[in-house]
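Have a look at the structure below, then the notes.
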Amino acid sequence: MKDSPLSTQPYKGTRDFFPEDMQLRSALFNRLRQVVSTYGYQEYDGPMLEPFELYASKTSDEIVNEQLYSFTDRGDRKVAMRPEMTPTLARMVAAKANNLPRPIRWFSIPNLWRYERPQKGRLREHWQLNVDILGPAAQDAELELLQVAIDLLRAFGANETHFEIQINHRELTNSLFNEVLQLNPEQRQAVARAIDKRDKITPEAFRELLVKAACHDEQIATIERFLHADLNEVANICPESSGLLKLQTLFELLTALGLSAYCSFSPTIMRGFDYYTGTVFEIYDRAPENRRALFGGGRYDNLVGMFGGEKIPGIGFGMGDVTLRDFLETHGLLPTLPPASQVLVGLFNADLKIPAYQLARDLRAAGLRVENILEPTKKMGKQFEVADKKGIPIVVMMGPDEHAEGCATVKHLASGHQEKAALGDLPALIQQLLA
RNA sequence: GUAGGUGUAGCCAAGUGGUUAAGGCGCCAGAUUGUGGCUCUGGUAUUCGCGGGUUCGAUUCCCGUCACUUACCCCA
């Protein structure tokens with residue numbers, strides 16, 4: 001790479017989307033949109049800049065202090081580039097809360113920013129599908145959202161062998177920490193952090209973290225027991241937990257809908273956001289080489305209320321475009337993309353330019369995606385080569401003979417089939433060849 | 001912020017202390033002036049990331065620096 005005063009490289013942690021990349025991105029996003037709309041979710045968007053304070057108390061200290069792009073504007077206002085969408089969503093919902101029919105089913109695909117060192121699956125700018133439902137306090141909201149999550153991945157051809165949803169509940173964790181273990185606030189944070197990273201470290205290192213958090217042996221034993229427990233066993237450890245009851249309800253519903261193969265209870269799921277109050281979940285890739293969270297979400301019952309109006313409970317998740325792409329790539333599920341054009345209209349010579357352009361216009365009017373050759377000196381062989389290289393399946397050529405007869409020659413490249421047809425018959429003929 | 005890996009053309013990539021820096025893909029042109037895919041020919045690097053040092057001579061050795069990348073930290 002040459003080091004010139006102006007680099008052609010995109011800013012660190014961001015990506016250029018050349019047409020090919022953009023086509024894939026649009027294909028992925030459109031499929032996401034399509035699936036989410038089948039549940040009645042409506043798309044929204046908000047500004048990329050928000051008041052700094054929107055994140056200051058609600059997201060998490062780490063994000064605000066170290067990973068937020070922020071600056072002071074000319075009016076001395078402190079502004080931040082959105083690192084996540086949920087606060088914006090909460091703000092927008094709060095602004096119109098009285099006018100919105102419930103439940104509120106919204107989704108968005110915003111670009112989000114975080115200042116950190118890029119690594120696999122994590123860049124500084126990424127796009128994230130956010131799906132949220134606000135209003136219902138019952139587990140039916142969770143049930144619906146998990147269905148959406150499952151269907152999103154199924155829409156790309158994935159199934160329960162490719163991914164798994166791990167579910168936990170903040171109230172259950174709180175029962176364990178407060179009532180059963182009786183931890184103090186610092187211990188709670190340290191233990192939560194240790195549990196969160198438990199899968200990535202050795203059992204000894206995990207135990208060491210707990211000891212460092214001033215846990216005594218009996219507490220450690222309880223934690224270990226909890227982390228290996230299924231829901232029945234959890235009932236013995238935390239018999240009074242409201243979170244346990246909600247999880248039991250949720251899993252009954254999931255089983256009734258035949259979705260239990262996709263979902264499992266996982267006491268290790270923590271999630272970093274401070275605003276989660278209930279169910280939390282993460283979707284994991286089952287592939288050993290890509291074994292990490294694809295995306296996640298949870299219930300936040302107090303977020304909308306922070307804007308002073310009505311408290312509206314909500315639950316949502318965010319799915320990053322980078323991790324989604326990695327997931328699809330890992331399993332060979334990336335969609336194949338169609339060529340930009342279906343038809344290339346050749347140019348025999350400069351005299352037949354206008355007829356060729358008019359022919360292309362007529363084909364477009366018939367609903368076809370058509371591009372013209374614009375260089376009158378390009379040899380016919382080259383013109384066919386262009387079609388071949390761009391993956392355009394059909395070439396239409398009109399030479400002097402055809403033009404005199406009001407015809408054109410249509411060639412289907414893949415089969416080599418070629419035939420002459422009256423101009424009026426071309427659209428039907430081409431549609432037939434494309435089918 | 002910490003640690004490793006990598007920087008040779010648009011992409012992949014070989015290579016050597018010594019006149020002209022392999023090869024492949026792609027791209028452009030021609031063989032083929034009414035027809036693509038195959039084949040053949042030619043063209044595609046004035047700084048081998050950048051700067052400095054050692055040397056008669058550095059793309060090659062040394063130092064620095066920057067960029068990319070992976071992991072850690074942290075996690076949306």
Side-chain angles (χ1 to χ4, degrees), chain A residues 1-5 7-15 18 20 55 58-68 81-88 110-130 189 192-193 196-197 200-201 205 269-276 280 282 292-298 300 316-323 344 346-349 352 373 375-403 408-420:
Chain A
M1 274 290 129
K2 194 195 273 191
D3 243 17
S4 52
S7 172
T8 58
Q9 281 183 6
Y11 170 70
K12 183 195 264 297
T14 67
R15 290 160 290 169
F18 288 94
E20 213 179 322
Y55 307 104
K58 305 169 192 67
T59 300
S60 82
D61 290 346
E62 163 78 12
I63 290 171
V64 171
N65 294 337
E66 316 204 0
Q67 303 197 345
L68 201 59
M81 285 161 80
R82 60 186 176 197
E84 54 149 341
M85 198 57 175
T86 310
T88 299
N111 58 332
L112 306 175
W113 293 82
R114 55 190 173 200
Y115 190 84
E116 68 170 351
R117 188 159 291 212
Q119 55 190 285
K120 185 170 172 61
R122 294 171 69 191
L123 303 174
R124 287 186 173 181
E125 183 191 29
H126 72 127
W127 276 257
Q128 189 185 64
L129 169 71
N130 274 251
Q189 193 171 17
R193 193 163 290 180
D196 194 34
K197 61 162 56 166
K200 293 160 78 176
I201 61 180
I269 298 298
M270 288 289 149
R271 311 238 0 115
F273 283 150
D274 298 338
Y275 53 64
Y276 286 132
V280 288
E282 290 184 349
R292 59 209 168 81
L294 271 175
F295 56 99
Y300 45 90
F317 65 81
M319 173 198 255
D321 71 316
V322 185
T323 45
L344 179 75
L347 180 53
F348 189 85
N349 61 32
L352 290 170
I373 291 285
E375 302 90 340
T377 56
K378 215 176 190 65
K379 293 179 180 168
M380 277 185 68
K382 291 293 174 194
Q383 300 191 28
F384 280 86
E385 212 176 302
V386 167
D388 192 50
K389 278 179 184 157
K390 291 180 124 177
I392 303 173
I394 302 270
V395 175
V396 174
M397 191 64 78
M398 180 165 54
D401 301 345
E402 287 102 333
H403 185 237
T409 297
V410 177
K411 181 161 183 177
H412 184 247
L413 294 189
S415 63
H417 173 79
Q418 176 172 318
E419 70 180 273
K420 196 160 81 171

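Just so it is clear: chains get the letters A, B, ... in the order the sequence lines come, proteins before strands, and each one is counted from 1.
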Listed by chain and number, what are the side chain to side chain donor-acceptor pair (under 3.5 Å) partners of A:Lys382, not counting sequence neighbours? none
Who are the side chain to side chain donor-acceptor pair (under 3.5 Å) partners of A:Gln383, not counting sequence neighbours? none
Whole Å only: how far is the [atom1] atom of [X] from the [atom2] atom of [N]?
X	N	atom1	atom2	answer
A:Lys120	B:rC72	NZ	C1'	17 Å
A:Arg122	B:rC75	CZ	P	9 Å
A:Glu20	B:rC11	CD	P	14 Å
A:Arg15	B:rC68	CZ	C1'	16 Å
A:Phe18	B:rC27	CZ	C1'	16 Å
A:Glu116	B:rA71	CD	C1'	13 Å

Span that lies between the [atom1] atom of [M] and that of [N], in whole angstrom:
N	M	atom1	answer
B:rA58	B:rG18	C1'	10 Å
B:rU44	B:rG4	P	42 Å
B:rU2	B:rU60	P	27 Å
B:rU32	B:rU39	C1'	12 Å

Side chain to side chain contact (heavy atoms under 4.5 Å, CB included), that's the test. Do A:Tyr55 and A:Thr88 meet it? Break it down for me. CA-CA 9 Å; A:Tyr55 307 104; A:Thr88 299; 4.0 Å; yes
Is any side-chain heavy atom of A:Val386 closer than 4.5 Å to one of A:Lys378? yes
Does the side chain of A:Trp127 reach to within under 4.5 Å of the side chain of A:Arg15, using non-hydrogen atoms? yes
Using Watson-Crick and G-U wobble pairs with both distances under 3.5 Å, what is the 5'-to-3' dot-bracket string of RNA chain B, with [ ] for crossing pairs and | for pairs outside the strand? (((((((..(((.....[....)))((((((.......))))))....(((((..]....))))))))))))....
State whether A:Arg271 and A:Glu282 are salt-bridged, where the test is any N-O pair (Lys NZ or Arg NE/NH1/NH2 against Asp/Glu carboxylate O) under 4.0 Å. yes
Side-chain N,O (A:Lys12) to OP1/OP2 (B:rA67) below 4.0 Å: no
Could I get the full list of side chain to side chain contact (heavy atoms under 4.5 Å, CB included) partners for A:His403, not counting sequence neighbours? A:Leu352, A:Pro355, A:Met398
Can you check whether A:Trp113's main-chain N or O pairs, donor with acceptor, with A:Arg82's side chain at less than 3.5 Å? no
Donor-acceptor contact below 3.5 Å, side chain A:Arg117 vs main chain A:Leu123: no
Taking the nucleotide of RNA chain B with the closest heavy atom to each, which residue, A:Gln128 or A:Pro10, is nearer the 5' end? A:Pro10
Return the orientation label for the A:Tyr275 and A:Tyr300 ring planes: parallel under 30°, perpendicular over 60°, tilted otherwise. perpendicular
Would you say the side chains of A:His126 and A:Gln128 form a donor-acceptor pair under 3.5 Å? no
Between A:Thr409 and A:Glu402, do the side chains contain an N or O donor and an N or O acceptor separated by less than 3.5 Å? yes
Sugar-phosphate atoms are those with a prime plus P, OP1 and OP2; base atoms are the rest. Using that split, label each nucleotide of nucleotides 33-45 of chain B B, S or - for protein heavy atoms under 4.0 Å, 5' to 3'. SBBBB--------
So which protein N/O to nucleotides 1-6 of chain B N/O distances come out below 3.5 Å?
{"from": "B:rU2", "atom 1": "O4", "to": "A:Arg117", "atom 2": "NH1", "distance (Å)": "3.0"}

